[in-house]
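Note that the coordinates shown come from a computational prediction; the quantities given were computed from them, not determined experimentally.
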Amino acid sequence: MWAAIQTTWRRVGYTFDLLLERRWWLYLIGDVFLLFFALMEAISSMQGTEWLEKLYPRLIVVPNLVLGLPALARVIALERQVGSLDLALAVPSTERYFLRRAAAVSGVLLLQSWIVLLIVADGWALVRALVQGTVLTLFMAALTLFWASRLKTAGATLAACLVSVALMSPWIFVSPDTSKALGVPADLFGISLPNLAWMWSAAVMAAATTIVYLYARERLRHPEAMLA
């Protein structure tokens, strides 16, 4: 088991080296910077549930936008840049090849958010934050694969992802403890307003993730379309 963990981490490190052009230390500094200020914000407002409303966007949403998307945008563009896309598409499973690469970036962001949330949160608030954060991270990974399989450059992929995120912002930027219901009734079958807002947002994000991933998978399974 330990050997498998070591192999996984070596693969993750290799992926970061490729995607960040061996400037992973800049990524690490930025990540530590974001985590530090997220925790300081949480510690300064530990009364009630306000801390979670401030911690969630800084711990999950901002790292995915600032660190995750730029790295993920190069998942396929990197192969085009170095002229090895045809070799990458010749592997037995193109889908699995690029999924592993995207999972390395998204997995690190997701793991660190889980660790921090498990330390500072508990109860139903923890469940909401974990589920919503997981769905958001998976959505970002699926979204970048969707656009990266259709656009030639990392810049174009990043721009398309940011536009998509802007369109999905009513559901992406909803806090697990928000009081905004996005048009959902204030009370339904005895479920409170914040829980309805969370359920609605999580359901929309899960549906969007499934749709964009299925379209990305269809493209990845037809290498000739990506070469064209």
Side-chain angles (χ1 to χ4, degrees), residues 12 15-16 18-20 23-24 26-39 41-42 52-78 98-121 126-149 151 154-178 198 201-213 216:
V12 169
T15 299
F16 270 91
L18 283 177
L19 296 180
L20 302 176
R23 291 195 293 266
W24 58 268
L26 287 176
Y27 185 98
L28 180 62
I29 291 174
D31 193 29
V32 171
F33 181 83
L34 291 175
L35 279 178
F36 175 78
F37 281 96
L39 290 174
E41 188 72 32
L52 182 57
E53 189 167 352
K54 293 180 179 180
L55 178 64
Y56 175 79
R58 290 167 173 78
L59 178 63
I60 298 175
V61 180
V62 174
N64 270 285
L65 288 175
V66 176
L67 302 176
L69 283 184
L72 288 169
R74 290 175 48 82
V75 165
I76 299 177
L78 173 66
F98 289 114
L99 273 178
R100 282 201 300 261
R101 188 172 286 180
V105 177
S106 297
V108 169
L109 293 175
L110 189 59
L111 180 62
Q112 72 176 22
S113 67
W114 283 352
I115 292 173
V116 176
L117 286 173
L118 287 170
I119 292 174
V120 302
L126 171 62
V127 174
R128 288 186 297 193
L130 288 175
V131 171
Q132 191 167 330
T134 301
V135 172
L136 174 63
T137 304
L138 293 176
F139 171 74
M140 293 296 188
L143 183 66
T144 49
L145 283 174
F146 172 84
W147 286 117
S149 63
L151 302 174
T157 299
L158 179 58
C161 288
L162 291 176
V163 171
S164 301
V165 168
L167 293 175
M168 292 292 294
S169 59
W171 300 279
I172 288 177
F173 294 98
V174 171
S175 167
D177 285 312
T178 184
W198 168 75
S201 299
V204 171
M205 290 298 298
T209 301
T210 302
I211 292 171
V212 295
Y213 172 69

Between Met140 and the options Val61, Leu69, Ile60, the side-chain contact (heavy atoms from CB on, under 4.5 Å) test singles out Leu69
Between the side chain of Ser149 and the main-chain N/O of Phe146, is any donor-acceptor distance below 3.5 Å? yes
With rounding to the nearest 0.5 Å, note down the distance linking CD1 in Ile76 to CG in Leu145. 6.0 Å
Locate the shortest heavy-atom distance separating Pro63 from Pro57; write the atom from each residue and the value. CD-O, 4.1 Å
Locate the shortest heavy-atom distance separating Leu109 from Gly68; write the atom from each residue and the value. CD1-CA, 3.7 Å
Going from CD1 on Ile172 to CE on Met205, what distance comes out if it is rounded to the nearest 0.5 angstrom? 4.5 Å
Nearest-0.5 Å distance, CG of residue Leu111 to CH2 of residue Trp114: 7.5 Å
Any Leu143 side-chain heavy atom under 4.5 Å of Leu72 side chain: no
Where is the tightest heavy-atom contact between Ser113 and Leu59, given as atom of each residue plus distance? O-CD2, 3.8 Å
Thr209: partners by side-chain hydrogen bond (donor to acceptor under 3.5 Å, both in side chains), with sequence neighbours left out: none
Nearest heavy atoms of Pro170 and Ala166, plus distance in Å: CD-O, 4.3 Å
Enumerate the residue pairs fulfilling side-chain hydrogen bond (donor to acceptor under 3.5 Å, both in side chains) with a member in residues 138-148, sequence neighbours excluded, ordered by first and then second residue. Trp147-Ser164
According to side chain to side chain contact (heavy atoms under 4.5 Å, CB included), who are the partners of Ala208, at least two apart in sequence or on a separate chain? Phe139, Met168
Rounded to the nearest 0.5 angstrom, the CG-SG distance for Asn64 and Cys161 is 11.5 Å
For Ala142 versus Ala216, what's the shortest heavy-atom pair and its separation? O-CB, 4.3 Å
How long is the span from the CZ atom in Phe173 to the CG atom in Leu136, to the nearest 0.5 Å? 8.5 Å
Could you grab the distance from atom CZ of Arg74 to atom OG1 of Thr157, nearest 0.5 Å is fine? 11.0 Å
